[in-house]
Amino acid sequence: MSEEGRDRFEIPKEMRSMAEASVDQARKAFEKFVAGAQQTAGAIEARGATVRASAKDISAKAMSYAEKNMQASLDYAQALLHAKDLSEVMRLHSEYVRSQMRSLAEQASEMGQAVSRAAMDAAKPKS
């Protein structure tokens, strides 16, 4: 064997073909993995936008309810200041409590529906 033959290492054709096929398979698997990861990241980002929008809507609704309830309390206090006797105070109080109970029940129902919608939207698969 000449010195050139000893220094030069040849991979048999079958082995080279097998190694090339393995590298191609690994490359394709990696490309699929990256594409899947990018798709998942996009879906998470889109879902995050949905959740943020829902949270903003729920927060705005809660602020609106707080404003309405505070206004009702101030109106009640104002009415109490002008009550002429105890029977009028009792009537005003009864009306206020009845009105607030109805209002709070409606608000709780609406808030529950909004939270349910937000949860459903966040759970929907993005296409």
Side-chain angles (χ1 to χ4, degrees):
M1 204 181 244
S2 70
E3 202 171 303
E4 225 177 86
R6 274 187 281 145
D7 290 343
R8 193 170 149 198
F9 176 75
E10 285 193 34
I11 299 174
K13 284 185 181 183
E14 295 83 18
M15 246 182 161
R16 185 183 304 272
S17 294
M18 205 165 74
E20 286 175 354
S22 293
V23 169
D24 283 344
Q25 278 184 322
R27 184 182 316 276
K28 288 175 184 171
F30 179 71
E31 288 171 355
K32 284 182 182 178
F33 170 78
V34 169
Q38 289 172 338
Q39 183 178 5
T40 300
I44 288 171
E45 186 175 314
R47 193 160 286 142
T50 300
V51 169
R52 281 191 300 277
S54 295
K56 186 176 180 182
D57 179 50
I58 290 168
S59 178
K61 198 175 284 288
M63 284 299 293
S64 171
Y65 294 157
E67 288 175 23
K68 286 177 186 176
N69 294 336
M70 182 57 76
Q71 188 61 48
S73 295
L74 292 171
D75 291 346
Y76 170 62
Q78 184 73 38
L80 285 177
L81 290 174
H82 297 288
K84 294 179 178 46
D85 55 27
L86 186 57
S87 66
E88 188 173 359
V89 168
M90 296 306 288
R91 181 185 57 78
L92 289 170
H93 180 70
S94 177
E95 289 172 0
Y96 171 73
V97 168
R98 202 172 23 253
S99 172
Q100 282 304 102
M101 293 301 285
R102 187 173 42 253
S103 182
L104 291 173
E106 289 172 7
Q107 292 169 5
S109 174
E110 289 174 11
M111 190 63 82
Q113 291 172 7
V115 169
S116 292
R117 272 193 308 274
M120 298 279 276
D121 288 348
K124 281 183 190 172
K126 298 292 178 182
S127 34

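Here the structure is a predicted model, which means the values were calculated and not measured.
Distance check, rounded to the nearest 0.5 Å: NE2 of H93 to CG of L86 gives 11.5 Å. Note that NZ of K56 is 9.5 Å distant from OG of S59, once rounded to the nearest 0.5 Å. Here E110 contributes atom CD and Q113 contributes atom CD; the two are 7.0 Å apart, rounded to the nearest 0.5 Å.
With sequence neighbours left out, the salt bridge (charged side-chain N to carboxylate O under 4.0 Å, His left out) criterion links E95 to R91.
A donor-acceptor contact shorter than 3.5 Å links the side chain of S73 to the backbone of N69. Counting only distance, with no hydrogens or angles, the side chain of S22 and the backbone of M18 share a donor-acceptor pair below 3.5 Å. A donor-acceptor pair is defined here as one N or O able to donate and one able to accept, closer than 3.5 Å; such a pair exists between the side chain of S17 and the backbone of K13. Under the 3.5 Å distance criterion, the side-chain polar atoms of S109 are left unmatched by any main-chain donor or acceptor of A105.
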Decide side-chain contact (heavy atoms from CB on, under 4.5 Å) for R102 and S99; before the verdict, give the C-alpha distance in whole Å, the side-chain angles of both, and the deciding distance to 0.1 Å. CA-CA 5 Å; R102 187 173 42 253; S99 172; 4.2 Å; yes
Walk me through whether R27 and E31 qualify under side-chain contact (heavy atoms from CB on, under 4.5 Å). CA-CA 6 Å; R27 184 182 316 276; E31 288 171 355; 3.6 Å; yes
Between Q100 and Y76, is a side chain to side chain donor-acceptor pair (under 3.5 Å) present by the stated rule, with each step listed? CA-CA 11 Å; Q100 282 304 102; Y76 170 62; over 6 Å; no
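Within a 6.0 Å radius of CE in M90, no more than 12 heavy atoms belonging to other residues, nucleotides or ligands are found.
Counting all heavy atoms, side chain and backbone alike, K61 lies closest to A114 at CE-CB, 4.0 Å. Counting all heavy atoms, side chain and backbone alike, A79 lies closest to L92 at O-CD1, 3.5 Å.
Taken together through direct or relayed side-chain contacts under 4.5 Å among Ile, Leu, Val, Met, Phe, Trp and Tyr, Y96 and L80 form part of one hydrophobic cluster.
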